[in-house]
Amino acid sequence: MSEQPAPAARQQLEPDTADGLRAYAARTRESADQLAAVLEDIATNGLPDPEQCTPWEELREAHLARLAAQRPAVA
């Protein structure tokens with residue numbers, strides 16, 4: 001069996017950068033949990049009735065409107 005070289009030392013992040021990375025990880029984890037819950041619901045109860053769902057075009061337009069509202073005005 002060959003010996004593995006010792007791992008290189010890691011470069012520490014600035015505190016603000018580390019906090020931002022942790023916040024991103026938390027948001028990503030929350031999104032993954034929401035997706036998992038939807039998939040579990042579909043597995044348990046089946047697909048929803050298409051007549052009771054919001055068309056994807058409406059969802060897309062609403063999301064684009066939210067993004068446009070967040071965008072800073074360009075002078």
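Just the heavy atoms: all of them, side chains too, but no hydrogens, waters or symmetry mates, feed the values below.
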Side chain Ser31, main chain Arg27, donor-acceptor under 3.5 Å: yes
ILVMFWY cluster, Leu47 and Leu39 together (side-chain gap under 4.5 Å): no
Within 6.0 angstrom of Glu57 CD, more than 12 heavy atoms from elsewhere: yes
Pairwise distance CZ(Arg60) to OG1(Thr54) - rounded to 0.5 angstrom: 14.0 Å
Euclidean distance, Asp16 CG relative to Leu21 CG, rounded to 0.5 Å: 12.5 Å
Reported CD-to-CH2 distance for the pair Glu61 and Trp56, which is rounded to 0.5 angstrom: 8.5 Å
